[in-house]
Trainee: 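Take a look at this one; I'll ask things after.
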Amino acid sequence: MPFRTTIKKNLERIKDLDIEIVAPSHGPIYNRPEFILSAYRDWISDEVKNEVVIPYISMHESTKRIVDYLMDSLIERAITVKPFNLTKTDIGELAMALVDAATIVIASPTVLVGPHPNVVYAVYLANALRPKLKFAAVIGSYGWGSRMVEQIKGITSNLKVELFDPVVVKGFPKEEDFKALDKLADEILKKHKEYNIIKSEG
Ligand SMILES: Cc1cc2nc3c(=O)[nH]c(=O)nc-3n(C[C@H](O)[C@H](O)[C@H](O)COP(=O)(O)O)c2cc1C
């Protein structure tokens, strides 16, 4: 992901070659070059899918309820959702999901004023990988005082995303919080349509 621009130029340079094998400087030799080349073409494309990736963690279920509600709300709007519970996620799988997703929703409780450390780790990785993501939001929970949203913004400067309004809830979510989550789902749908990520519906 971070080398997309360079790879794009290199694919252009080799486009007229009749390639028999791909012999990388490390790793196995491939004798089905088209398999490798088409994967690279796919990875460097600027297209994103109608998908929302949600890395999350929850200590006492508050953030989990928020995530579950938002997931249902997005699914109702025919948006694909990929949740990753960061207590057990294979971080490589999260990285793969980020390759094509249009939107990331980062979900965390407040721990010592900021995001939970597992969320910091996942977000740091997402930022370093520079995926094609177009949109992002932060959701989560706090008890008495939080700078979680600001701190997450501070470690995601590589993500060239448009930010939705955060939904950060005191304790367990209540009726008005669920409304805010529905509004977030509406906004995500609207943006996915505007950017032609949902093509069939315009
Ligand atoms: C270890 C620990 C540290 C916390 N630190 C803060 C804090 O600095 N500020 C705050 O507002 N809430 C803090 N909280 C409260 C949680 O953010 C709050 O209970 C939240 O609703 C938990 O969300 P969850 O149920 O998704 O884990 C802390 C809770 C724990 C367990």
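As the structure lists them, so they are numbered: ligands from 1, and atoms in each ligand from 1. The analysis underlying the following values was restricted to heavy atoms, covering all of them including side chains, and did not include hydrogens, waters or symmetry mates.
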Trainee: Indicate the ring-plane relationship of Phe135 and Tyr195, choosing parallel, tilted or perpendicular according to the 30° and 60° boundaries.
Mentor: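 Plane angle over 60°, so perpendicular.
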Trainee: Okay, side chain of Ser58, backbone of Lys64: is any donor-acceptor separation there less than 3.5 Å?
Mentor: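 Yes, Ser58 side chain to Lys64 backbone: donor-acceptor pair under 3.5 Å.
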Trainee: Would Arg32 count as a cation-pi partner of Tyr30, with NZ or CZ less than 6.0 Å from the six-membered ring centre and within 45° of the ring normal?
Mentor: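 Not flagged: Arg32 not positioned over aromatic ring of Tyr30.
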Trainee: Can a side-chain donor-acceptor contact be found between Asp177 and Tyr69 if the only test is distance below 3.5 angstrom?
Mentor: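 The answer is no; no qualifying pair exists.
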Trainee: Which atom pairs, nitrogen or oxygen on both sides, join ligand 1 and the protein at under 3.5 angstrom?
Mentor:
{"from": "ligand 1", "atom 1": "5 (N)", "to": "Leu112", "atom 2": "N", "distance (Å)": "3.0"}
{"from": "ligand 1", "atom 1": "8 (O)", "to": "Leu112", "atom 2": "N", "distance (Å)": "3.3"}
{"from": "ligand 1", "atom 1": "8 (O)", "to": "Val113", "atom 2": "N", "distance (Å)": "2.7"}
{"from": "ligand 1", "atom 1": "9 (N)", "to": "Gly145", "atom 2": "O", "distance (Å)": "2.8"}
{"from": "ligand 1", "atom 1": "11 (O)", "to": "Gly143", "atom 2": "N", "distance (Å)": "2.9"}
{"from": "ligand 1", "atom 1": "11 (O)", "to": "Trp144", "atom 2": "N", "distance (Å)": "2.7"}
{"from": "ligand 1", "atom 1": "11 (O)", "to": "Gly145", "atom 2": "N", "distance (Å)": "2.7"}
{"from": "ligand 1", "atom 1": "11 (O)", "to": "Gly145", "atom 2": "O", "distance (Å)": "2.9"}
{"from": "ligand 1", "atom 1": "12 (N)", "to": "Gly143", "atom 2": "N", "distance (Å)": "3.1"}
{"from": "ligand 1", "atom 1": "14 (N)", "to": "Thr110", "atom 2": "O", "distance (Å)": "3.3"}
{"from": "ligand 1", "atom 1": "17 (O)", "to": "Thr110", "atom 2": "N", "distance (Å)": "3.3"}
{"from": "ligand 1", "atom 1": "17 (O)", "to": "Thr110", "atom 2": "O", "distance (Å)": "2.7"}
{"from": "ligand 1", "atom 1": "21 (O)", "to": "Ser141", "atom 2": "OG", "distance (Å)": "2.5"}
{"from": "ligand 1", "atom 1": "25 (O)", "to": "His60", "atom 2": "N", "distance (Å)": "3.0"}
{"from": "ligand 1", "atom 1": "25 (O)", "to": "Glu61", "atom 2": "N", "distance (Å)": "3.2"}
{"from": "ligand 1", "atom 1": "25 (O)", "to": "Ser62", "atom 2": "N", "distance (Å)": "2.8"}
{"from": "ligand 1", "atom 1": "26 (O)", "to": "Ser58", "atom 2": "OG", "distance (Å)": "2.6"}
{"from": "ligand 1", "atom 1": "26 (O)", "to": "Thr63", "atom 2": "N", "distance (Å)": "2.7"}
{"from": "ligand 1", "atom 1": "26 (O)", "to": "Thr63", "atom 2": "OG1", "distance (Å)": "2.6"}
{"from": "ligand 1", "atom 1": "27 (O)", "to": "Met59", "atom 2": "N", "distance (Å)": "2.6"}
{"from": "ligand 1", "atom 1": "27 (O)", "to": "His60", "atom 2": "N", "distance (Å)": "2.9"}

Trainee: What closest approach, in Å, do Ala185 and Ser73 show between heavy atoms, and which atom pair accounts for it?
Mentor: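 So the minimum-distance heavy-atom pair works out to CB-OG, 3.5 Å.
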Trainee: Taking only Lys NZ, Arg NE, NH1 and NH2, and the carboxylate oxygens of Asp or Glu, determine whether Lys134 and Glu194 approach each other closer than 4.0 Å.
Mentor: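 Result for this pair is no, no salt bridge flagged.
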